[in-house]
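What follows is a short report on a single structure.
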Amino acid sequence: MQDEINQRVVALVVRMGSKGGRMTTDVLKSALRKYLRQQETKKQTKNEIHRQKKIKKAMEPKHGKQTIGELMDQNQGLSNIEITDQNIKSFERVANKYHVDFALKKDRSSDLAKYVVFFKARDVDVMTAAFKEYSAIELTKSKKPSIRQKIQLAKAMIMERDKAQSKDHMRQKNRSKGQDR
């Protein structure tokens, strides 16, 4: 790797005047200086563009999930809602869908895990709609039987079917034995 860096080659083309001048050390020196100056200005403009993008990004308010400090720095009133759910990720998906800026804070004062969701006061209507959708999703999840319950139910049905089939098989076997005698 070091050899590649040390052996980097730069192609430098120098146009000599129409008089057909010779390549002297002074001509080569001035061409190299001009090349280095051009490289330096390229580097400076690249750094300037990068710095401007960084400043622009810092000026734009952050959206979606953020810290409470970042939310307060946007100089907007805050409101909050308490959620007592372990599956907070599903709420984050719904809030992002509605483009709500919010911050989550876990309340550790009680045994039951509670989350306080802070959001901008002007987003109350949007937050209400997002919270309704989140509640509906959670309600449908709670009504659905779990996969484990479905598997156990399917096992029980298969066992019942197998028992019935084996009883039929035994009956047929017994009937055929009875006829042979």
Notebook entry, point to check: Of the non-hydrogen atoms in Phe102 and Asn96, which two are nearest, and what is the gap between them?
Noted result: CE2-OD1, 3.8 Å
Next item on the list: Not counting sequence neighbours, which residues clear side-chain contact (heavy atoms from CB on, under 4.5 Å) with Gln165? List them please.
Entry: Arg161, Asp162
Margin query: Tell me the closest heavy-atom pair linking Ala31 and Val14, and the distance in Å.
Written below: CB-CG2, 3.7 Å
Margin query: Rounded at 0.5 Å granularity, tell me how far OG1 in Thr25 sits from CG in Leu28.
Written below: 8.0 Å
Check: If you round to the nearest 0.5 Å, how far is CG of Leu32 from CD of Gln39?
Finding: 11.5 Å
Next item on the list: Consider only side-chain heavy atoms of I, L, V, M, F, W and Y, link residues closer than 4.5 Å, and tell whether Met72 and Val124 are in one cluster.
Entry: no
Notebook entry, point to check: Is any side-chain N of the basic residue among Glu48 and Arg51 closer than 4.0 Å to the acidic one's carboxylate O?
Noted result: yes
Note to self: Please check if the number of heavy atoms outside Met23 that lie under 6.0 Å from its CE is greater than 12.
What the structure shows: yes
Next item on the list: Spell out, yes or no, whether Val126 and Val116 are grouped together once hydrophobic residues are joined by side-chain heavy atoms under 4.5 Å, including indirect joins.
Entry: no
Notebook entry, point to check: Just wondering, more than 12 heavy atoms not from Leu36 lying within 6.0 Å of its CG?
Noted result: yes
Item checked: Gap between atom CD1 of Ile68 and atom CG of Asp73 - 0.5 Å precision -> 12.0 Å
Margin query: If I take atom OG1 from residue Thr128 and atom CZ from residue Phe119, how far apart are they, to the nearest 0.5 angstrom?
Written below: 6.5 Å
Next item on the list: Look at the side chain of Asn80 and the backbone N and O of Val117, then say whether any donor-acceptor pair between them is shorter than 3.5 Å.
Entry: no
Note to self: Are Phe131 and Leu104 linked, directly or through intermediate hydrophobic residues, by side-chain heavy-atom contacts shorter than 4.5 Å (ILVMFWY only)?
What the structure shows: yes
Next item on the list: With sequence neighbours left out, write down each residue that passes side-chain hydrogen bond (donor to acceptor under 3.5 Å, both in side chains) with Gln44, or none if nothing qualifies.
Entry: none
Checklist line | Connected via hydrophobic side-chain network under 4.5 Å: Phe118 and Val94 | finding: no
Check: So Arg37 and Arg33, side chain to side chain contact (heavy atoms under 4.5 Å, CB included) or not? Walk me through it.
Finding: CA-CA 6 Å; Arg37 221 177 301 124; Arg33 280 191 185 129; 4.1 Å; yes
Check: Atom CD1 in Ile55, atom NE2 in His50: separation rounded to 0.5 Å?
Finding: 10.5 Å
Checklist line | Thr24 side chain reached by Val27 side chain, heavy atoms, under 4.5 Å | finding: yes
Check: With Thr140, which residues qualify under side-chain contact (heavy atoms from CB on, under 4.5 Å), at least two apart?
Finding: none
Next item on the list: May I ask whether Met127 and Ile137 are part of the same hydrophobic cluster, defined by side-chain heavy atoms of I, L, V, M, F, W, Y residues being less than 4.5 angstrom apart, directly or through others?
Entry: yes
Check: Where is the tightest heavy-atom contact between Lys42 and Thr45, given as atom of each residue plus distance?
Finding: O-OG1, 2.8 Å
